[in-house]
Enquirer: 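The structure's right below; bear with me while I get my questions together.
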Amino acid sequence: MSTSPSQIIASLNSLHLGETDKIRVQLDAARDGCLALEQGELAQWLAEASAALYQADLRTYRRRVESVIARLGHLK
């Protein structure tokens with residue numbers, strides 16, 4: 001299944017604080033999408049966002065997700 005930058009952005013923009021397990025599943029899917037697009041650095045940032053969420057570091061979590069969204073916006 002091919003994932004476009006727009007699909008990943010939509011998925012990341014729909015993330016809201018709630019069930020952390022559900023958010024992690026979405027982050028993993030977005031990370032896989034970035035890897036499929038050969039965007040290893042963005043995939044790493046999403047892994048860092050997931051780790052930050054686990055540590056309740058919401059500032060880093062949000063910053064990483066927003067950075068990925070911004071960079072993906074340039075790939076459209």
Side-chain angles (χ1 to χ4, degrees):
M1 180 175 129
S2 178
T3 303
S4 72
S6 296
Q7 290 170 316
I8 298 170
I9 290 170
S11 172
L12 292 173
N13 277 330
S14 72
L15 292 177
H16 299 286
L17 294 180
E19 283 188 48
T20 56
D21 290 338
K22 189 174 183 178
I23 293 171
R24 281 198 191 97
V25 168
Q26 288 180 288
L27 286 172
D28 288 345
R31 190 188 69 227
D32 292 344
C34 286
L35 288 173
L37 293 170
E38 298 181 5
Q39 297 296 316
E41 182 178 21
L42 301 184
Q44 176 61 36
W45 290 353
L46 289 171
E48 292 171 9
S50 184
L53 183 63
Y54 180 76
Q55 297 169 356
D57 180 358
L58 299 181
R59 181 177 179 208
T60 299
Y61 159 77
R62 194 73 228 154
R63 190 173 48 217
R64 291 292 184 253
V65 170
E66 289 172 355
S67 295
V68 170
I69 290 169
R71 289 277 300 271
L72 286 170
H74 295 289
L75 296 178
K76 287 184 182 182

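This chain uses plain numbering: 1 for the first residue, then up along the sequence. Computed from a predicted structure; not experimentally measured.
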Enquirer: Side-chain contact test, heavy atoms from C-beta onward, threshold under 4.5 Å: evaluate it for D32 versus T3 and give yes or no.
Expert: no

Enquirer: I69 versus I8: any side-chain heavy-atom pair under 4.5 Å?
Expert: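 No, their side chains stay 4.5 Å or more apart.
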
Enquirer: For atom CD of E38, decide whether the heavy atoms of other residues, nucleotides or ligands shown that lie under 6.0 angstrom number more than 12.
Expert: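 Not buried by this count: 12 neighbours or fewer within 6.0 Å.
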
Enquirer: Which heavy atom of R64 sits nearest a heavy atom of A49, and at what distance?
Expert: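 Looking at all heavy atoms of both residues, the shortest contact is CB-CB, 3.7 Å.
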
Enquirer: Can you get from W45 to L75 by hopping between Ile, Leu, Val, Met, Phe, Trp and Tyr side chains that sit under 4.5 Å apart?
Expert: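 Linked, W45 and L75 end up in one cluster.
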
Enquirer: Run V68 and I9 through side-chain contact (heavy atoms from CB on, under 4.5 Å) and show every step you take.
Expert: CA-CA 8 Å; V68 170; I9 290 170; over 6 Å; no

Enquirer: Just verifying a value: how many Å separate Q39 CD and R71 CZ, rounded to the nearest 0.5 Å?
Expert: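 Those atoms lie 7.0 Å apart.
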
Enquirer: Which pair of non-hydrogen atoms, one from A43 and one from R31, has the smallest distance, and what is that distance?
Expert: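 Smallest interatomic distance, heavy atoms only, reads O-CG, 3.3 Å.
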
Enquirer: So L58 and L53, do their side chains get closer than 4.5 Å, heavy atoms only?
Expert: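 Yes, their side chains come closer than 4.5 Å.
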
Enquirer: What pairs with R63 under side-chain hydrogen bond (donor to acceptor under 3.5 Å, both in side chains), at least two apart in sequence or on another chain?
Expert: T60

Enquirer: If the condition is side-chain hydrogen bond (donor to acceptor under 3.5 Å, both in side chains), which residues does Q55 pass it with, not counting sequence neighbours?
Expert: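 Not a single residue meets the side-chain hydrogen bond (donor to acceptor under 3.5 Å, both in side chains) criterion with Q55.
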
Enquirer: Considering non-hydrogen atoms only, spot the tightest contact between S4 and L37 and give its length.
Expert: C-CD1, 4.3 Å

Enquirer: L35 and G40: which non-hydrogen atoms are nearest, and at how many Å?
Expert: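 What the structure gives for the nearest pair is CD2-CA, 4.2 Å.
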
Enquirer: Please report the shortest heavy-atom distance between L46 and C34, naming the atom on each side.
Expert: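 Taking L46 first and C34 second, the nearest heavy atoms are CD1-SG, 3.9 Å.
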
Enquirer: If I compare all heavy atoms of Q26 with all of S11, which pair ends up nearest, and what's the gap?
Expert: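 In terms of heavy atoms, the two residues are closest at NE2-O, 4.0 Å.
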
